[in-house]
Amino acid sequence: MVHIAPGHGPEDFELGMEFGIEAFCPVDENGKFSQEAGEKFAGMNARKSNADIVQYLRTKGLIFYDHTLEHRYGHCWRCDSPIIYRTTSQWFLKITQIKELMLEEIDKVRWTPDWAGSSREYDWAVNARDWCISRQRYWGIPLPVWKCQCGEMKVIGSVAELKGADGFRDGMELHRPWIDAVTLKCEKCSGRMKRVPDVLDVWFDSGVSSWAQLGFPGSRKELDRWWPAKWITEAHDQTRGWFYSQLAAGCIGFERAPYESVLMHGWILDPQGQPMSKSRGNVIEPAEVIGEHGADALRFYMMKANAPWEDIAFQHEGVKNARRTLNVFWNVCNFATTYMSIDHFDPASVEFAALQSSLRVEDRWLISRSERLKNEVAKHIESFELHKACRALEEFILEDLSRWYVRLIRDRMWREEGDMDKIAAYRVLHDSLMSLSKLMAPFCPHITEEVYQSLDGSKGSIHMQDWPAPDLTKADDRLEGSMSLVKEIVEIVTRERQSRGVKLRWPLKRLAIKAKTRETLDSLRSLEAVLSSQANIKSVEFVNPDEDWKDMILNVIPNPMAIGKVYRQWSSKIAILLKSRPACQIKESIEKGEYSLGIEGQMIKIEPNMVSFTTSLPPDVTSVPFSEGEVYVDFQMTPDIEAEGFARDLIRRIQQMRKDMDLDVEEFITAKVRASAKLIEFFKVWRDHIMKETRAKDITFTHEPGGESVVNWEVEGEEIEVGVTSLHTKESVGQFSVIPGLSRNGALGLVEAGYKSPADLRSLPEEKIAEIKGVSKTDARKITHYVHKTGLGAELSCPECGSLIKEGSETCPSCGKSLVAKGGSMPRDKLIPFLLRVPRMNRVKAEMLYDAGFDSIEKLEAASKDEIRQVKGIGAKTAEKIIAYVHAGGFKNPVKCEKCGASIPPDALTCQSCGVEAPSEIVEEGEVEEEAEVITAEDYKLEPSFTYLIKEDKAERSYGFFVKALAEGLSGFCVTRNYPLKIKAKHNIGDTPVIWLSNVGKENTLRPKDLEKLSVSLEQFITAAEPGKGSIVLLDGLEYLITNNNFLTVLRFVQSLRDQIAIKNAILLMALNPSTLEPHELNLLEKEVDVTM
RNA sequence: GGGCCCAUAGCUUAGCCUGGUUGGAGCGCCCGGCUGAUAACCGGGAGGUCAGGAGUCCAAAUCUCCUUGGGCCCA
């Protein structure tokens, strides 16, 4: 049995047509049954009467089966009420007639994604029915069909055709209701033709939009130029919408599709993946997102989130993330422009060709990456894979620029102006940012415009620039490949550091790289600088593919079976001795044919079958495989490394304090540091560096560090107390601002050179001023002019702050001090520093002078020698010196530092740029350090067969013992790090042989790495000693041996040496500075000696 | 009821067309680093039955079919 209602649905209607069943439609426009439904139901709501109808049929006995079926039913999209289909008379476009053409055209169009055309649109067109274009509405384009009562119809094609019609006026409104008043005369029956009241389906408007917007058919001009459209884009709901209506209209009007390619994009769904709608209440307002994260961030997120044709479940996090990427981009640009503008860098003034020789590998690498990016982005945009374009951009910004290139060039940014190395980096970075901005411009129009304007902007808007064309000849696969290996290795080192708890600030001793191929090794070699700087490694070694790393430790394994067979009772002793000797020495000797050991006075020969050898990693070395081989990371700590690590840590803490004190980056400071003696030694080595990095004019090491800010830090278990005081140079810079036209750099240069006010410059000729760093020639001229020519108060300076003041001024314009009492007293602590610069002067004398009334420079200048002599505590000679100093202008003129040449103001005790003491005799009350009681040679008797470890900074005591032993008739042997002639001169050791540990390679020197040779020499000396006459060995330079080898190797050497000493009744003295060893190392060493003192 | 698309870590996703080392990222989480890009930045770790099921194949996240769930367009 079939249910069919040809009057109520298209399928049923078509089936009815096919089988000749009438389209019976007994429902009126209000959804009520009409008279046709019969008297009983007429006027009833068609949907609500279902139960009545069933009941009626049942009473008539016409019901066979009564059941409820669940099925989908069409509802109004707007009010959601069920719809009733009615058959009515409508106007149609006969699509079925052009279906074949449409299918062909769909095939010709380029669809993105492919299935949007080949599957979706095609499927829709195949099933397309004739297009009903009439609507029974009021608003809309009136259907241009006029109909006469006689049945005659006329379709109007243009306004011109309406001319002369009744009710028509030129320029009249052509919509309802006015158009309905226009009537035509029927050409057939002379009756009035009236317009059909329908309007057109709105999709018909959309369908003709491609040419309607070009003014066609009014004019062909624009149509010929622009039509068909190159590209259109809409979401996937437009398969039957705009894509279709345009296609149908185009095929009817022009027999072709009005577009060449289509991008069918997705929807933005809510975070749960549901479409946004007002009724659901899940709409996210773009304006709010833009307000929070910015328009570019929203755009960039939506572009990169997924393919354009896929729906996006909108995520706030995603926008936030995009914003972070853009922020990094912004930071990089900011970083670049900050430095570039400081140096007034103008890319146009630098010929790229001229930079070729200054380019570093990392520069070439970035160029290569940039060119590849251009290529990639263009490719992705052309295939509409905008997400891929954006991801490539993001990757470049984060990985290549921010995480790598900027890090690599940071150091270069602080070079002096005009440094080619820096300019090369500027240029490469600038070019790269320019093309990056252009590539990003379509996605992030605002930020890129801003960046472009700050980078150049000379050519108007970024959006008017040419698209950057890639130059793949500058792309270098090999370089990019080896750079990514370097990155990989840096990551390995970072990871290993982390697992061992070694901070990046602490340098590592070395890294060895063994590569699978020589090519890889060579290309890595060219990036050595990058590698060592980024991984903070002191030295990098390269190991050829077919070789072992030379520092792999050779271990000797005694074969007890073979040894036991020959030397039964000594077998275990031999094994122990063998293990305590350097394995390489054993191996070498055995390979030469013979190796012997001395045991209990016997020489024992070791045969090759008695030992075997293995290699193992040196202590503190980790080996990690990487994609092209293996790396060995050496974590051994040496005093050098420790010193550098602590120095860097100190720098870091001082920087933190500067930051906490809100100091300007250009401000100078002085620092005072309290720390353990060991650390102070370290800091002294790095003093200059620490001062440079922290912009400190002075660093002193004291027990009570005071200052504006004092902080106790703990670094690697060590306590460090740091006091930082700002020098307030910013204020001093202000002093120079009275000079008209002086540049900021110039003012800063003057301050840095130690000048406090313009008055300080009075005695300097213009050429000298121009020599001051940062002061340009123009600056110098302005300064000279101001100081000498302005006349106004040129000779006066404020006694309080030293700045120039006009004659007649009652107060100082800089510090506000009253100037009425001219030549009046200066504060004690202001004048004392001036005085202390006088030769023979000390604090006590200075104070006495001050107390005696010489309390200003003027008074001192005016005083005679005799007057000064009157002061208690000042002798004739001192008075003489003071007068001489005054006459030489010592209180007025700065002097040149003997070391660095910088100018030292007359009241400064040390040179502010290099820290050297000012060139005059400064006598300060020094603290006398108490010395702990120590055992010295005078009251101690050394025992034969003993090994002594003598802990001391300098080997004084050790030499004391040694010299005493020599005097007692022992034959001596000295191994030292010190130059032998010095040793001989300093200590009375006569002809005693001295071996110098050094790499110079002269006679009587030994390379510190050559422990074997040292061991042999010592063995020879001990065994060669005359019977009955004792022998003594002084080993001074253990630290040096340890730094050049590693601790365990040296320890083994000591063990072996000690055995020899014991056997031969000799004495061994080892001098050592205990702070150069780790505590556990010291323990190990102490265990190997008989006496520590 | 029909056509098309989608499903991978807590979340957002790459990889699928053209099957093949150990399924990559980002966010979040946990742990570190850095501090002259700093209302930033960098590294490491944990976290996966590739929706479920069947098939093809030496081999399946990937190809085929089915099921389930979601989206779009229609009916």
Side-chain angles (χ1 to χ4, degrees), chain A residues 9-12 70-74 83 85 113-129 235-241 243-244 264-267 269-275 301 304-307 309-322 324-325 327-339 342 387-388 391 394-395 398-399 401-404 406-407 409-411 413-414 487 490-506 534 536 627 648-649 651-656 658-660 663-666 693-695:
Chain A
E11 283 83 9
D12 292 20
E70 235 176 68
H71 67 110
R72 292 210 198 171
Y73 194 84
I83 284 166
Y85 288 91
D114 189 51
W115 49 260
S118 61
S119 298
R120 269 184 95 127
E121 198 65 46
Y122 193 89
D123 182 71
W124 169 256
V126 163
N127 295 318
R129 300 198 175 87
H236 40 50
D237 54 317
Q238 295 300 321
T239 305
R240 57 130 233 154
F243 299 151
Y244 176 74
M264 188 186 83
H265 66 74
W267 278 13
L269 309 175
D270 79 358
Q272 280 72 43
Q274 297 297 313
Y301 159 65
K304 74 163 190 171
N306 56 10
W309 50 88
E310 283 175 339
D311 292 348
I312 298 180
F314 181 86
Q315 302 295 329
H316 278 99
E317 275 301 316
V319 186
K320 226 169 107 184
N321 206 240
R324 278 196 7 188
T325 301
N327 191 38
V328 170
F329 170 65
W330 180 255
N331 279 344
V332 171
C333 295
N334 189 34
F335 169 83
T337 52
T338 303
Y339 291 107
I342 287 176
H387 57 310
K388 290 189 179 170
R391 285 167 191 173
E394 183 172 59
E395 172 105 356
L398 297 179
E399 289 295 332
L401 267 182
S402 173
R403 290 177 196 162
W404 204 241
V406 166
R407 258 170 59 188
I409 61 168
R410 255 191 192 152
D411 291 344
M413 298 293 109
W414 289 91
K487 274 185 166 182
V490 170
E491 274 164 26
I492 286 173
V493 174
T494 325
R495 209 163 31 229
E496 290 304 317
R497 274 175 177 280
Q498 197 166 325
S499 67
R500 290 195 177 226
V502 179
K503 296 182 277 196
L504 186 60
R505 261 198 299 272
W506 287 60
Q534 293 309 301
N536 192 13
S627 54
R648 289 177 72 157
D649 258 316
I651 291 169
R652 155 85 192 98
R653 309 296 149 150
I654 295 177
Q655 299 284 36
Q656 184 63 48
R658 288 182 61 112
K659 196 177 169 186
D660 293 342
L663 295 189
D664 190 275
V665 284
E666 286 176 298
E693 291 293 314
T694 57
R695 281 180 93 80

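A note on names: the letters A, B, ... follow the listed sequences, proteins ahead of strands, and every chain is numbered from 1. Values in this document were obtained by computation on a predicted structure and should not be read as measured data.
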When both hydrogen-bonding distances must be under 3.5 Å and the geometry is Watson-Crick or G-U wobble, what is B/G1 paired with, if anything?
B/C74
Rounded at 0.5 Å granularity, tell me how far NE2 in A/His265 sits from NE2 in A/His236.
9.0 Å
Can you check the distance between B/C30 and B/G71, where both ends of the measurement are the P atom (answer in whole Å)?
35 Å
B/U18 versus B/A59 - spacing of their C1' atoms, nearest Å:
16 Å
Nearest to the side chain of A/Asn321 - B/A37, B/C27, B/U12?
B/C27
Considering Watson-Crick and G-U wobble pairs with both distances under 3.5 Å, what does B/C11 pair with?
B/G26
Can you identify which nucleotide, out of B/A40, B/G15, B/A37, has its nearest atom closest to the A/Val332 side chain?
B/A37
Close N or O pairs between protein and nucleotides 70-72 of chain B (under 3.5 Å):
unit_1 : atom_1 : unit_2   : atom_2 : d
B/G71  : OP1    : A/Gln274 : OE1    : 3.3
B/G71  : O2'    : A/Asp311 : OD2    : 3.3
B/C72  : O2'    : A/Arg120 : NH2    : 3.3
B/C72  : O2'    : A/His236 : ND1    : 3.4
B/C72  : O2     : A/Arg120 : NH2    : 3.0

In whole Å, I'd like the distance from the CD1 atom of A/Ile312 to the C1' atom of B/C11.
15 Å
Please round to the nearest 0.5 Å and tell me the distance separating atom CD of A/Glu310 and atom NE2 of A/His387.
7.0 Å
Across the strands shown, which category fits A/Glu317 at heavy-atom distances under 4.0 angstrom: base, sugar-phosphate, nothing?
sugar-phosphate
Quote, to the nearest angstrom, the C1' distance that separates B/G28 from B/A9.
11 Å
Paired with B/U21: which nucleotide, if any, by Watson-Crick or G-U wobble criteria at under 3.5 Å for both distances?
none
Does A/Glu121 reach the side chain of A/Met264, with side-chain heavy atoms less than 4.5 Å apart?
no
Mind listing the N/O atom pairs, protein and nucleotides 42-47 of chain B, below 3.5 Å?
unit_1 : atom_1 : unit_2   : atom_2 : d
B/C42  : OP1    : A/Arg403 : NE     : 2.6
B/C42  : OP1    : A/Arg403 : NH2    : 2.9
B/G43  : N2     : A/Gln498 : NE2    : 2.7

Selected nucleotide, minimal atom distance to A/Trp124 side chain, candidates B/C27, B/C6, B/C73
B/C73
Mate of B/C57 where both pairing distances stay under 3.5 Å, Watson-Crick or G-U
none
Interatomic distance, OH@A/Tyr301 vs CD@A/Gln315, rounded to 0.5 Å, equals 5.5 Å
Considering only the C1' atoms, how many Å lie between B/G26 and B/G47, rounded to the nearest integer?
14 Å
For B/G45 and B/G24, measure between their P atoms and round to the nearest Å.
12 Å
Of all heavy-atom pairs between A/Gln655 and A/Thr694, which one has the smallest distance, and what is that distance?
OE1-CA, 4.3 Å
State whether A/Glu317 and A/Lys320 are salt-bridged, where the test is any N-O pair (Lys NZ or Arg NE/NH1/NH2 against Asp/Glu carboxylate O) under 4.0 Å.
yes
B/U35 to B/C16 separation - C1' atoms, rounded to the nearest Å:
44 Å
Which whole number of Å gives the distance between the P atom of B/A46 and that of B/C31?
15 Å
To the nearest angstrom, the CH2-C1' distance between A/Trp330 and B/U38 comes to 16 Å
Out of B/A14, B/U35, B/A37, which has the shortest distance to the side chain of A/Glu310?
B/A14
If each of A/Asn334 and A/Ala313 is mapped to the nucleotide of RNA chain B with the nearest heavy atom, which maps nearer the 5' terminus, i.e. the 5' end?
A/Ala313
Taking B/A14 as the reference, what is the distance to B/A61 when you measure between their C1' atoms (whole Å, please)?
12 Å
Using a cut-off of 4.0 Å on non-hydrogen atoms, how would the nucleic acid contact of A/Tyr339 be classed: base, sugar-phosphate, or nothing?
sugar-phosphate
Using the closest heavy atom to pick a nucleotide of RNA chain B for each, name whichever of A/Trp309 or A/Lys320 lands nearer the 5' end.
A/Trp309
Less than 4.5 Å apart, any side-chain heavy atom of A/Phe335 and any of A/Leu401?
no
Atom pair distance, as rounded to whole Å: CD1 in A/Ile654 and C1' in B/C34:
18 Å
Base, sugar-phosphate or nothing for A/Glu693? Non-hydrogen atoms, less than 4.0 Å.
base
